[in-house]
Amino acid sequence: QVQLVESGGGLVQTGGSLRLSCAASERTFSNYARGWFRQAPGKEREFVASINWSGERTYYAEAVKGRFTIARDNARNTVSLQMNRLSPEDTAVYFCAAPHVSYIPEYTHDYISWGQGTQVTVSS
């Protein structure tokens with residue numbers, strides 16, 4: 001069963017914005033930290049942003065800091081990624097993931113559940 005489903009991807013021009021959402025199928029995910037990752041063609045998957053269970057702690061990759069904002073709505077069991085001032089370098093498949101712990105883990109391996117990904121394409 002798919003536990004996380006991303007949405008909101010699409011085509012946007014350089015400088016534009018997109019808001020990705022990730023819906024969890026089970027209420028237990030509201031207790032878990034969450035993360036966003038991305039993978040561009042021919043590149044390895046990379047960390048984008050993460051958020052702890054309550055939303056009080058966040059962490060961002062340097063490449064997106066100041067442009068992207070991760071947030072969560074535990075009542076709706078969703079996590080979002082607001083992406084502003086997008087550039088072609090942001091083009092990738094974006095994945096939502098969750099470890100089965102409340103705190104932000106250090107390693108990608110610690111994220112157990114993964115969504116199927118949503119494509120973000122930034123045109124120049």
Side-chain angles (χ1 to χ4, degrees):
Q1 294 290 329
V2 176
Q3 296 176 299
L4 299 172
V5 179
E6 304 93 337
S7 63
L11 176 65
V12 65
Q13 295 182 358
T14 296
S17 298
L18 283 174
R19 183 177 183 273
L20 307 182
S21 294
C22 177
S25 62
E26 299 180 353
R27 295 302 305 175
T28 52
F29 278 80
S30 66
N31 300 321
Y32 301 153
R34 305 282 283 275
W36 286 97
F37 296 78
R38 66 186 183 186
Q39 186 168 21
K43 296 187 65 178
E44 298 294 324
R45 184 186 302 164
E46 65 178 356
F47 168 79
V48 175
S50 59
I51 188 167
N52 80 327
W53 76 275
S54 66
E56 296 176 351
R57 291 181 172 84
T58 58
Y59 184 76
Y60 298 92
E62 289 297 323
V64 307
K65 189 175 297 183
R67 298 189 298 121
F68 291 11
T69 302
I70 187 171
R72 67 189 301 159
D73 184 345
N74 285 346
R76 295 185 178 274
N77 207 11
T78 60
V79 175
S80 66
L81 184 69
Q82 179 66 46
M83 306 184 295
N84 299 323
R85 303 192 304 280
L86 287 162
S87 70
E89 288 69 34
D90 297 313
T91 294
V93 176
Y94 283 70
F95 298 90
C96 177
H100 290 189
V101 295
S102 63
Y103 52 87
I104 298 173
E106 182 176 359
Y107 304 106
T108 302
H109 176 75
D110 294 324
Y111 288 85
I112 297 173
S113 298
W114 293 80
Q116 83 290 347
T118 185
Q119 177 70 47
V120 172
T121 303
V122 185
S123 65
S124 59

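Counting heavy atoms from C-beta outward, Ser113 and Phe29 have side chains that approach closer than 4.5 Å. In this structure, Asp90 and Arg67 have side chains that are in contact, with non-hydrogen atoms separated by less than 4.5 Å. Side-chain contact between Met83 and Trp36: absent, with no pair of heavy atoms (C-beta onward) separated by less than 4.5 Å. A heavy-atom distance below 4.5 Å is not found between the side chains of Ser102 and Asn31.
Counting only N and O atoms by type, the side chains of Ser17 and Asn84 include a donor and acceptor under 3.5 Å apart. A donor and an acceptor atom, one from each side chain of Gln82 and Ser80, are nowhere located under 3.5 Å apart.
With values rounded to the nearest 0.5 angstrom, Arg72 atom CZ is found 13.0 Å from Ser21 atom OG. In this structure, CD1 in Ile112 is found 11.5 Å from CG in Leu4, a value given to the nearest 0.5 Å. Rounding to the nearest 0.5 angstrom, the gap separating the CG atom in Leu81 from the CZ atom in Arg34 is 12.0 Å. Atom CH2 of residue Trp114 and atom SG of residue Cys22 lie 11.0 Å apart, to the nearest 0.5 angstrom.
Between the Ser87 side chain and the Thr14 main chain, no donor and acceptor come within less than 3.5 Å of each other. Put simply, the side chain of Asn77 gets close to the backbone of Glu26: a donor and an acceptor are under 3.5 Å apart. Judged by distance alone, with hydrogens and angles left aside, the side-chain atoms of Asn52 form a donor-acceptor pair with the main-chain N or O of Arg57 at under 3.5 Å. Although no hydrogens or angles enter the test, the distance criterion places no donor-acceptor pair under 3.5 Å between the side chain of Glu46 and the main chain of Arg38. Under the 3.5 Å distance criterion, the side-chain polar atoms of Asp73 are left unmatched by any main-chain donor or acceptor of Thr78. Checked by atom type and distance alone, the side chain of Tyr60 pairs as donor or acceptor with a backbone atom of Ile70 at under 3.5 Å. For the pair Arg85 (side chain) and Gly66 (backbone), a donor-acceptor distance under 3.5 Å is present. Glu6 contributes a side-chain N or O that, together with a main-chain N or O of Gln116, makes up a donor-acceptor pair within less than 3.5 Å.
In this structure, Leu18 and Leu86 approach most closely via the heavy-atom pair N-CD1, 3.9 Å. Heavy-atom minimum distance, Asn74 versus Ser54: ND2-CA, 4.5 Å. Taking each heavy atom of Tyr103 and Ala33 in turn, the nearest pair found is O-CB, 3.2 Å. Of all non-hydrogen atoms in Ser124 and Pro88, the two that sit nearest each other are CB-CG, 3.9 Å.
Note: the hydrophobic cluster containing Ile104 does not contain Val79 (ILVMFWY, side chain heavy atoms under 4.5 Å, direct or indirect links). A continuous path of hydrophobic side-chain contacts links Leu20 to Phe68 [ILVMFWY only; heavy atoms under 4.5 Å].
Each of Phe47, Tyr107, Phe95, Tyr94 was compared with Phe37 under the ring-ring contact (aromatic ring centres under 6.0 Å, His included) criterion, and only Phe47 meets it.
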| request: Given side-chain contact (heavy atoms from CB on, under 4.5 Å), test Ser30 with Trp53 step by step and report yes or no. | output: CA-CA 7 Å; Ser30 66; Trp53 76 275; over 6 Å; no

